[in-house]
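Worksheet: one structure, shown below.
We name chains A, B, ... by the order of the sequence lines, and we start the count at 1 in each one. Quick caveat: nothing in here was measured; it's all calculated off a predicted structure.
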2 protein chains.
Amino acid sequence: MATSRSHRPATRSRGIPEATVARLPLYLRALTTLSERSVPTVSSEELATAAGVNSAKLRKDFSYLGSYGTRGVGYDVEYLVYQISRELGLTQDWPVVIVGIGNLGAALANYGGFASRGFRVAALMDADAALAGKLVAGLPVRHIDELEAIVEDNQVSIGVIATPAGAAQEVCDRLVTAGVTSILNFAPTVLQVPEGVDVRKVDLSIELQILAFHEQRKAGEQGQGPDGDVPAVMPA
Amino acid sequence: MATSRSHRPATRSRGIPEATVARLPLYLRALTTLSERSVPTVSSEELATAAGVNSAKLRKDFSYLGSYGTRGVGYDVEYLVYQISRELGLTQDWPVVIVGIGNLGAALANYGGFASRGFRVAALMDADAALAGKLVAGLPVRHIDELEAIVEDNQVSIGVIATPAGAAQEVCDRLVTAGVTSILNFAPTVLQVPEGVDVRKVDLSIELQILAFHEQRKAGEQGQGPDGDVPAVMPA
DNA sequence: ATGTCTTTGTGAACGCGTGCACAAAGATAG
DNA sequence: CTATCTTTGTGCACGCGTTCACAAAGACAT
């Protein structure tokens, strides 16, 4: 699909559905893999399978970005990688700070997926003074007191909180005050933030509990009376 | 959220909506906190605030469980803790195996939220023989070859994959074959599983990319020079 | 008992996301 | 140029989830 000039300048009415945005990274990953294998084009069917969604959904998702496919052929891999990257804002540099360098924080710092997508770890921070200066993933741990200066100096707009639950809200407040407007929270707490600040949370415990629910349901369904429900006792 | 069940009723007529199930752990956490403070009852308004949702949604969620509130008063904290725990299946013991004891696996093993909710780490496993026997979070790392035996001996039905992406599918296959029917996947890959197996994925990279999208949008909305900062045309 | 006040539980309306199914668009062959 | 074949892009219908708004239920005071 040689770049023809029939592409419109994206007349999208200012808004890609949230559900679509959440899937774009998935498509991007699948496309990157194809790109590395030098696959030139891919059909919606193939790409959908690789991304674990159905093809109609994928086509509709792409339709929000514009008409980037060629009927009878499919999508140009390289071109789509570029379009999605741009749409997600990955063509620019995003400095990130990670606060709380325990097991989890260290894991995040070492995670390769960071750098590969325009995310740059600007600093690792911890409240424990004993950690200061120690190298983690090649970066020195800085003391939390430097937070404000680091955020400002590096123009950090994304913060990752990997502290214990008790410290999360305070760290969050300081990040927001310093200028951070997007937060990825790994601490098991609900964070209060002012209007305009985005928070996404990753909560291991919640995921496990959801699995447990379905697991219980599966166990209860087989060989169970028409009543269906599992136990049902009442405490005092 | 990532419940990967494609074609199916998804929610039972007798069942609880998936969206509600995903919020129950949130309520449970807030209720547990109240319980520790010996608060006897709580209104939907208060609890909703603590859990970060709106009160109408909370009441509707609880209505799927039954009528556990008292009009004019609110909900009995202890009773609700019990009901939600039971509904989620947390009143029973869930043995869990963690595969891949790198930075992330170790972080998960050390995570306290595990044990506190009926989840018991039955074993830590890694493909690296050099790790075998090493203590992590008080448990010895076992070699991956023991996977099948461990799953069977401990009646494990939930597996956590914290391996590199390349190893995830193979580990997943082995877990499923051995009898695991719920998987929590931290590896950045789409896992293929047979019907009846639930997979939930936690993907740091995806969360960051979603934040970047919104961050970009925020940056583009304000100021916005005559040149229209954000989007763009294609690279001719 | 009666009235007032608080808070739940839910019917109904609405909006978003999903999946079907097909027409339109382009490639390709004759 | 015409016919055929492939695959996109999308109109439409449907179902899930959210929110509103209020009647019903109970607590509490008099």
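Rounded to a whole Å, the OH atom of A:Y68 is 15 Å from the C1' atom of D:dT8. A:D76 places its CG atom 15 Å from the C1' atom of D:dT8, with the value rounded to the nearest Å. We find that CG of A:L47 is positioned 13 Å from C1' of D:dT8, with the value rounded to whole Å. Look at OH on A:Y64: it is 15 Å from C1' on D:dT8, rounded to the nearest Å. Residue A:F62 contributes atom CZ, which lies 10 Å from atom P of D:dT8 at whole-angstrom precision. Here C:dC16 presents its P atom at 15 Å from CD1 of A:I16, a figure rounded to the nearest Å. Between the P atom of D:dG9 and the CG atom of A:L65 lies a distance of 10 Å, rounded to the nearest Å. Here C:dT8 presents its P atom at 8 Å from CD of B:E45, a figure rounded to the nearest Å.
For a distance-only test at 3.5 Å, the side chain of A:R71 fails to qualify as a donor-acceptor partner of the base of D:dT7. A donor-acceptor contact under 3.5 angstrom links the side-chain atoms of B:K60 to the base of D:dT19.
Put simply, the side chain of A:E87 reaches to within 4.5 Å of the side chain of A:I16, judged on heavy atoms.
In this structure, A:A56 and B:G66 both approach DNA chain C, and ranking their closest nucleotides by distance from the 5' end singles out B:G66. Nearer the 5' end of DNA chain C, as judged by each residue's closest nucleotide, is the contact made by A:P17, out of A:P17 and A:R59.
Contact check, A:R23 against C:dT18: a side-chain N or O comes under 4.0 Å of OP1 or OP2. The side chain of A:N54 contributes no N or O atom lying less than 4.0 Å from OP1 or OP2 of C:dT18. A sub-4.0 Å separation between OP1 or OP2 of D:dT8 and a side-chain N or O of A:S44 is present.
Within 4.0 Å (heavy atoms only), B:Y75 reaches sugar-phosphate atoms of the nucleic acid but no base atom.
Between A:A50 and B:V190, the closest heavy-atom pair is O-CG2, 3.8 Å.
Checked against C:dA27, C:dG17, D:dT8, the side chain of A:A19 finds its nearest nucleotide in C:dG17. Of the listed nucleotides (C:dT8, D:dT19, D:dT10), D:dT19 has the atom at the smallest distance from the side chain of B:K57.
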Discussion item. Using ring pair (Phe, Tyr, Trp, His ring centres under 6.0 Å), reason through B:Y79 and B:Y68 one step at a time and then give a plain yes or no.
Written reply: CA-CA 8 Å; B:Y79 185 51; B:Y68 294 150; 5.3 Å; yes

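Considering CG of B:L104 and CD1 of B:I98, their distance stands at 9.0 Å, rounded to 0.5 Å.
A donor-acceptor contact shorter than 3.5 Å is absent between the side chain of A:E207 and the backbone of A:L204.
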